[in-house]
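Data first, discussion second: the structure below is written as structure tokens.
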Amino acid sequence: MVKLPSDFVWGYATASYQIEGSASAGGRGPSIWDTFSKIPSKIRDGSNGDIATDSYRLWKEDVALLKSYGVRAYRFSISWSRVIPLGGRNDLVNEEGIAFYRGLIEELLKNGITPFVTLYHWDLPQGLDDRYGGWLNKEEIVKDYVNYARLCFTRYGDLVKNWITHNEPWCISVLGYQKGAFAPGHKGDVEPWIVAHHTILAHAYTVKLYREEFKPTQGGQIGITLDCHWQLPYDDSPANVAAAQRGIDFKLGRFADPIYKGHYPATVKAMIGDRLPEFTAEELAVVKGSSDFFGLNTYTTQIVQEGGGDEINGRITVGFTRPDGSQLGTQAHVSWLQTYPPGFRLLLNYLWKTYERPIYITENGFAARNEDVLPVEQVIHDVDRVEYFEGYANALLQAVTEDGVPVKGYFGWSLLDNYEWADGYLTRFGVTYVDYATQKRTPKDSSRVLKRFFEKHIEA
Ligand code: BGC
């Protein structure tokens, strides 16, 4: 094969808290991000998602933008507290919130755009954190999550055929419960492992529900999105090669191994010991095999050396510098991101070989430097983002056509500049520039790259 298959899907991704705004309009209840973003010094520019890109009101304009970009699909997330303001299984459903997503889904379909819906992109209803500690309470959170998922399958499943449970449980558990950098802002070395375990269970019981009660009539697919940077050993010394594998185990294997293989990685068990919760036999039967595809968010590659670093990452040191002092690639606005397409190709091969599931790239993108301060006339010529997307799209093409990796879809992050979590509005990942004072959207040069690329490389 020299081209991508004719049913290859591509588009852009967003997430509810990052774009919707209207935080207390339309009956929405608060989420842990509404609370966290208002704690002084948590967000670099002191901002929050109260307005964001105002997409709760400008959603039709956003769909028109997607259409003009020539996409086949759009990945967005549902704000749980917009459809169940307090979040719980005995709490009221907000019909206005339900109608909002129904309208969006219908408008997408009318425009020939396939919806890929994420159930959870980090905005837990504050009501559940207040009531029982949110992700820390296994019995309650799994039931409430499954109940919320049931509502979504019931109300949207006639139209939505592609479901993603969580977005990046690594970020939920590590940034939210180990580093304190994301909501709800806890720090420690016990909670992140408990929360991670509970996110896996909530995911797995949701997939069980979908497969038993909805898939037979609705006929869709469901999976999870995990995140990983490719881990490149600093040199070929056995210690650094082992460290790179351990880096993957701690970032990705800790979720992917239970979900696709039915056990935690041995390296994780060895280092975490008793703090790593165990699945009961009954739970394990539900967890193992609980994803129809491999949803991957990936942005960069890290060069890995043995030793140092946090236990949470497997005690490795990561950077971008090779032994000869050279850097991997173009530096982004954020310190954690450099362009390195070969790492993407290696990661795709690793995932296929290790987990043997079809792959969807659910996020991939670049934050070009200084887009927060430069005038729009300059920002729209985003040469670094253009270079990034061209490089990564070509690496994807090689992985599929030369290596035989079954990648089924690709979503660029992101449709719009938006609320970049703890970076607030200072970091911009969009292929569309957003003027936050007026909400005017202006396409950047990068908005044309993927369209050109996929028009050329997808089989007719
Ligand atoms: C997240 C997005 C985020 C992006 C860029 C991913 O980890 O899913 O919400 O904006 O990375 O940092």
Side-chain angles (χ1 to χ4, degrees), residues 11-21 31-33 36-37 42-45 47-49 52-53 55 74-80 116-124 164-179 181-183 196 199 203 223-230 251-252 255 294-302 313 331-339 344 347 360-369 371-372 382 384-385 388-389 392 410-432 434 436 446:
Y12 295 99
T14 62
S16 47
Y17 192 71
Q18 296 182 272
I19 66 161
E20 284 181 7
S31 78
I32 56 174
W33 266 95
F36 180 77
S37 60
K42 292 292 184 191
I43 310 299
R44 273 178 59 212
D45 59 359
S47 66
N48 56 58
T53 63
S55 291
Y74 176 49
R75 172 178 178 241
F76 65 92
S77 80
I78 294 178
S79 155
W80 183 343
F116 276 63
V117 178
T118 308
L119 291 172
Y120 188 73
H121 202 123
W122 310 348
D123 42 359
L124 185 79
I164 292 157
T165 54
H166 304 303
N167 179 73
E168 303 190 359
W170 184 88
C171 289
I172 300 169
S173 53
V174 175
L175 301 181
Y177 292 83
Q178 192 258 347
K179 298 198 187 304
F182 279 12
T199 60
H203 151 81
I224 190 166
T225 279
L226 305 178
D227 59 309
C228 194
H229 312 308
W230 180 244
K251 179 90 181 168
L252 182 89
F255 299 102
F294 201 111
L296 173 72
N297 288 359
T298 191
Y299 287 83
T300 197
T301 290
Q302 295 171 328
N313 296 329
Q331 179 62 49
H333 191 67
V334 283
S335 60
W336 56 268
L337 173 51
Q338 284 191 5
T339 303
F344 183 38
L347 177 57
Y360 286 88
I361 310 307
T362 42
E363 280 178 33
N364 180 238
F366 191 80
R369 271 167 297 178
E371 290 190 340
D372 55 329
D382 51 343
D384 289 353
R385 187 178 287 102
Y388 182 94
F389 278 128
Y392 278 68
Y410 176 94
F411 294 86
W413 183 269
S414 177
L415 173 65
L416 305 161
D417 290 337
N418 59 42
Y419 185 66
E420 179 54 20
W421 308 112
D423 276 5
Y425 297 101
L426 301 177
T427 296
R428 292 170 175 260
F429 271 91
V431 296
T432 311
V434 176
Y436 292 112
S446 59

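Order of appearance sets the numbers: ligands from 1, and atoms from 1 within every ligand.
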message = Between Trp413 and Gln18, is the side chain to side chain contact (heavy atoms under 4.5 Å, CB included) condition met? List the steps.
response = CA-CA 12 Å; Trp413 183 269; Gln18 296 182 272; 3.1 Å; yes
Can you classify the ring geometry of [X] versus [Y] as parallel (below 30°), tilted (30 to 60°) or perpendicular (above 60°)?
X: Tyr17; Y: Trp33; result: tilted
X: Tyr410; Y: Phe389; result: perpendicular
X: Phe182; Y: Trp421; result: tilted
X: Tyr388; Y: Tyr392; result: parallel

query = If you measure from CG on Leu416 to CD1 on Ile19, what distance do you get to the nearest 0.5 Å?
reply =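 Going from the CG atom of Leu416 to the CD1 atom of Ile19 covers 6.5 Å.
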query = With respect to atom 9 (O) of ligand 1, which of Gln18, Glu168, Glu420 exhibits the smallest heavy-atom separation?
reply =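 Minimum heavy-atom distance to atom 9 (O) of ligand 1 goes to Gln18.
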ask   = Quick check, are the ring centers of Tyr74 and Phe116 under 6.0 angstrom apart?
value =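 Aromatic pair excluded; centres sit 6.0 Å or further apart.
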task = Could you tell me the residue and atom name of the protein heavy atom closest to atom 6 (C) of ligand 1, and the distance to it rounded to 0.1 Å?
result =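 Answer for atom 6 (C) of ligand 1: Glu363 OE1, 3.1 Å.
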task = Note the single closest protein heavy atom to atom 4 (C) of ligand 1, along with its residue, its atom name and the distance in Å.
result =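 The protein heavy atom lying closest is Tyr299 OH, 3.3 Å.
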Say whether [X], considering both its backbone and side-chain N or O atoms, lies within less than 3.5 Å of an N or O atom on ligand 1.
X: Trp122; value: no
X: Trp421; value: yes
X: Trp336; value: no

ask   = Which atoms from ligand 1 have a heavy atom of His121 less than 4.0 Å away?
value =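 Taking each heavy atom of His121 in turn, ligand 1 has 1 (C), 2 (C), 8 (O), 9 (O) under 4.0 Å.
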message = Suppose I only count heavy atoms of Asn167 and a 4.0 Å limit; which atoms of ligand 1 are within that range?
response =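 Taking each heavy atom of Asn167 in turn, ligand 1 has 8 (O) under 4.0 Å.
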request  = Check each heavy atom of Phe182 against ligand 1 and say whether those closer than 4.0 Å belong to the side chain, the backbone, both or neither.
outcome  =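 It is neither; nothing of Phe182 touches ligand 1.
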query = Is ligand 1 under 4.0 Å from a heavy atom in the side chain of Val334, in the backbone, in both, or in neither?
reply =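 Neither part.
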